[in-house]
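One structure is given below, encoded as structure tokens.
All residue numbers in this chain count up from 1 along the given sequence. Values below: every heavy atom of this structure, side chains too, minus hydrogens, waters and symmetry copies. Only a predicted model underlies this, so the values are computations on that prediction, with no experimental measurement involved.
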Amino acid sequence: MSPTRPDARTMIDIVLDPGTWRSWDAPPAEPAPNGSDYAEELAAARARSGYDESVVTGEGLLDGRRVAVVACEFSFLAGSIGVAAAERLTAAVERATAERLPLLAAPASGGTRMQEGALAFTQMVKITAAVAAHRAAGLPYIVYLRHPTTGGVFASWGSLGHVTAAEPGALIGFLGPRVFESLHGYPFPEGVQVAENLFAHGLIDAVVSAEDVRRIAAGVLAVLCAPREVRVKEPEADEPAQPVDAWEAVIRSRRDDRPGVRALLRHGASDVTPLNGTGEGENDPGLLIALARFGEAPAVVLGQDRGRRRSGAPLGPAGLRVARRGMRLASELGLPLVTVVDTSGAALSKAAEEGGLAAEIARSLADLVTLDAPTVCLLLGEGAGGAALSLLPADRVLCAQHAWLSPLPPEGASALLYRSVDFAPEIAAAQGVKSTDLRRDGIVDRVIPELPDAAYEPEAFCRRVSAALEHEIAGLLAVPPADRLTARLARYRRLGVG
């Protein structure tokens, strides 16, 4: 077996701590009458593969953490799922849920076992129901799609991960290419049903070798399974910073060398795992989604990426759908959510309008302001228009000293009011867009100083922001969810009216 295509047992040995695997499998029920062709196929598959069924299940330690594992073995009748395999899978998922274990799944399957027909086909329903119950219990479900994963397996438990990676070059698709060609008389287009293409279309989060799965899964679980009680540390006293006027802050926020969300994660966070896309066929390079820890505090991070935006990728409707995926993830797993605002405005294009940009801003606002997870917004740089507002309504709002928030960029507001951009500095001052004005008006809770500018001290600034985020998250985790939501809604209800 090629080292890049490990069988199920090898895969388990690669991922888990050595010597910790413990099987949960009992001998499977015999689905075929003695002497039947199918019984002979099963016997031959067992002899040839060394497995008693197409699925193995059990538990072990991953970086010292107890986890449950379900994995397919393709050499056993193409990893197909019949009644016995489905029962083994479902029982393992249910046990993982009952024992509150994270669940790692590694499918490699042609789908339903054709020898068992409709009864095997409908087994996907009970597997899906068990996975859905596991997720509903707030427990992590991580999927690693191996070569090949097709049919009902891909269309059920293979596509329900909180985080999903795939093997490089793996064939992954709903209808296998051989079946497609037999049915239609011509081959399926090349390059569509491969892991790399799924990644490009925002359907999976990463394409990694089996050897890298251990590291990635350990990092993911370090965040998803982190304690939800974090010690509240006394924040360092904010050092005095030289004040600047609103227009100067706007100019500083636009510097190419100003640290953005990627710098914040690089210098101020640990256990960072980038995610990718909506999981539903869209992505947007202008919106970063990741799992990370700020100090001891775990979080889902949604960040408007200034580097990608400046290379021609303003935030569009797909980016907001990516953001809403992050909100759902935070809600389902009870994780704090950190949003990072740094945008000169949303995409202005025919595609953005037809893609539902305004509606996605509205849905993002509605989802975020009513989210049952703790939320912290960080105004990191530019904050123009609906793209900024869509990630704003959090329990706590932090603002870098030279960040700002405005309905339009000051030049746009000047053009709207005076048919000229020349009044942008006066407009910025009059609109109260700078950090101290935002704090005065109750939009911002805390201003993080820049000494004298984030661009001159990127690492120190990012560490200062990280410490502030950890402090705010820790405080919010100590508040009952219902009280948190009530306070958030009251905050925005009172805004502007005292």
Side-chain angles (χ1 to χ4, degrees), residues 1-31 41-82 84-96 99 101-111 113 127 131 141-150 153-154 157-158 161 164-172 195 207-218 220-221:
M1 186 70 72
S2 165
T4 60
R5 299 278 189 254
D7 68 349
R9 293 192 186 105
T10 304
M11 180 77 209
I12 289 166
D13 288 343
I14 290 171
V15 173
L16 296 183
D17 298 352
T20 64
W21 170 250
R22 183 160 63 90
S23 175
W24 287 352
D25 295 337
E30 291 293 344
E41 281 187 81
L42 289 168
R46 288 168 183 149
R48 182 174 58 252
S49 68
Y51 288 80
D52 65 354
E53 246 303 343
S54 62
V55 175
V56 295
T57 72
E59 67 170 271
L61 300 181
L62 174 54
D63 203 22
R65 188 187 309 279
R66 189 176 170 220
V67 297
V69 179
V70 295
C72 283
E73 177 46 47
F74 193 79
S75 67
F76 190 100
L77 297 182
S80 57
I81 304 298
E87 184 58 30
R88 178 176 284 182
L89 259 173
T90 304
V93 176
E94 291 171 342
R95 179 170 174 177
E99 299 187 22
L101 298 179
L103 178 59
L104 312 182
S109 172
R113 189 166 299 172
I127 300 170
V131 171
Y141 179 54
I142 301 173
V143 176
Y144 182 56
L145 301 169
R146 294 153 58 223
H147 175 77
T149 301
T150 62
V153 169
F154 184 45
W157 55 286
T164 303
E167 204 172 37
L171 168 65
I172 302 169
V207 178
V208 295
S209 68
E211 289 73 16
D212 285 331
V213 170
R214 172 182 169 82
R215 172 182 57 81
I216 290 173
V220 167
L221 293 178

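For the pair V213 and L104, the minimum side-chain heavy-atom distance is 4.5 Å or more. Using a 4.5 Å heavy-atom threshold, the side chains of V67 and I142 count as separate. Using a 4.5 Å heavy-atom threshold, the side chains of F154 and P107 count as separate. Looking at heavy atoms from C-beta onward, D52 lies in side-chain contact with P28 at the 4.5 angstrom threshold. Contact annotation: the side chain of D25 never approaches that of V55 to less than 4.5 Å [non-hydrogen atoms, C-beta and beyond]. Considering only heavy atoms from C-beta on, Y141 stays 4.5 Å or farther from V93 through its side chain. Looking at heavy atoms from C-beta onward, Y144 lies in side-chain contact with M11 at the 4.5 angstrom threshold.
Of the inter-residue distances, the one linking E53 atom CD with C72 atom SG reads 10.0 Å to the nearest 0.5 angstrom. With values rounded to the nearest 0.5 angstrom, L77 atom CG is found 6.0 Å from L42 atom CG. Atoms CZ and CG, on R146 and L171 in that order, are 13.5 Å from each other to the nearest 0.5 Å. The CD1 atom of I172 sits 9.5 Å away from atom NE2 of H147, with the distance rounded to the nearest 0.5 Å. Taken from CG in L221 to CG in D63, the straight-line distance is 9.5 Å, to the nearest 0.5 Å. To the nearest 0.5 Å, atom CZ of residue F76 and atom CZ of residue R48 are 9.0 Å apart.
Not a single donor-acceptor pair under 3.5 Å links the side chain of T90 to the backbone N or O of E87. A donor-acceptor contact shorter than 3.5 Å is absent between the side chain of R9 and the backbone of V56. R113 places a side-chain N or O within 3.5 Å of a backbone atom of S80 that can act as its donor or acceptor partner. Side chain of S49 to main chain of S75: no donor-acceptor pair is present (N/O by atom type, distance under 3.5 Å, no hydrogens or angles).
V153 and S109 make their closest contact through CG2-OG, 3.3 Å (heavy atoms, listed as atom of the first residue, atom of the second, distance). Between A92 and V70, the closest heavy-atom pair is CB-CG1, 3.8 Å. Across every non-hydrogen atom of V208 and A165, the tightest pair is CG2-CB, 4.1 Å. The minimum heavy-atom distance between V143 and G161, with the atom names listed, is CG2-CA, 3.8 Å. Between L145 and G158, the shortest heavy-atom distance links the atoms CD2-O, 3.4 Å. When all heavy atoms of P102 and R65 are compared, the pair lying nearest together is CG-CD, 4.4 Å.
Residues E59 and R22 are paired through a salt bridge, judged by an N-O separation under 4.0 Å between the basic side chain and the carboxylate.
Applying the side-chain hydrogen bond (donor to acceptor under 3.5 Å, both in side chains) test to R214 and every residue at least two apart in sequence or in another chain returns D17.
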